[in-house]
Amino acid sequence: MKESKIASIAYYIVIIISVVVFALFFCVGFSDMDVSISAIKVSPRFTDLLMWLMYILVGVTAVATIAALAMAKPSAIESNVSKGGRLVATIMTWIFAPILVVSYFLGDATPVMKSRELFDSVFWLKTTDAFMYTIYILLVITVICLVLSLTGVLKKK
């Protein structure tokens, strides 16, 4: 089977699974916190399933990206991508890990109220902040690279 055929099949499988999980998350309903305390609807019933799907997709993406970079031949990359494209890909790849590590240490560990419970796990609080900060920083870098690309600064001569 061709690599492109396998990639297409994997893509459609991920899309189908995502659509089913999002449909369950948005359409099925809410779980009650405790009927004896109150009948307040707290969160969608399939929140955990949605979170696990996101964790798995992010993990698979990270592993696939690192594996593709490790196995790629430099000559193949150079022949298929412009100089600007290589530059952007290299910058985004090599600054992701340091940004994530630095943003983890900058993360706040202040406990948060979640569904009437105090959430005080320092690791998860800092990890959440780290990923949010990393997303913001990489988004800004991506926009800067996009602007540079559109202005012609990174064009191949």
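No experiment lies behind these values; they were computed from the predicted model shown.
Atom CZ in F46 sits 14.0 Å away from atom CZ in F26 (nearest 0.5 Å). Separating the OG1 atom in T142 from the CD1 atom in I137 is a distance of 11.5 Å, to the nearest 0.5 Å. Here the CG-CG distance, from L50 to L24, works out to 10.0 Å after rounding to the nearest 0.5 Å. To the nearest 0.5 Å, the span separating OG1 on T47 from CZ on F25 amounts to 4.5 Å. Here OH of Y133 is found 9.5 Å from NZ of K126. Values are rounded to the nearest 0.5 Å.
The hydrophobic clustering, which links ILVMFWY residues whose side-chain heavy atoms are closer than 4.5 Å, places V140 and L148 together. With hydrophobic clusters built from ILVMFWY side chains whose heavy atoms lie under 4.5 angstrom apart, Y12 does not share a cluster with V20.
Heavy atoms of other residues, nucleotides or ligands lying less than 6.0 angstrom from CE of M51 number 12 at most. More than 12 heavy atoms of other residues, nucleotides or ligands sit less than 6.0 Å from atom CZ of F119. In F123, the CZ atom is crowded: over 12 heavy atoms of neighbouring residues, nucleotides or ligands sit closer than 6.0 Å.
No side-chain heavy atom of D129 sits less than 4.5 Å from a side-chain heavy atom of L125.
Listed by chain and number, the residues in a ring pair (Phe, Tyr, Trp, His ring centres under 6.0 Å) with W52 are Y55 (sequence neighbours excluded).
Between I17 and the choices V14, I13, I15, the side chain to side chain contact (heavy atoms under 4.5 Å, CB included) rule is met once, by I13.
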Contacts under 3.5 angstrom, residues 97-113 side chains, donor-acceptor by atom type, not counting sequence neighbours:
| unit_1 | atom_1 | unit_2 | atom_2 | d |
| --- | --- | --- | --- | --- |
| S103 | OG | I99 | O | 2.8 |
| S103 | OG | L100 | O | 3.0 |
| S103 | OG | A130 | O | 3.1 |
| S103 | OG | T134 | OG1 | 3.1 |
| D108 | OD1 | T110 | N | 3.4 |
| D108 | OD1 | T110 | OG1 | 2.8 |
| D108 | OD2 | T110 | OG1 | 2.9 |

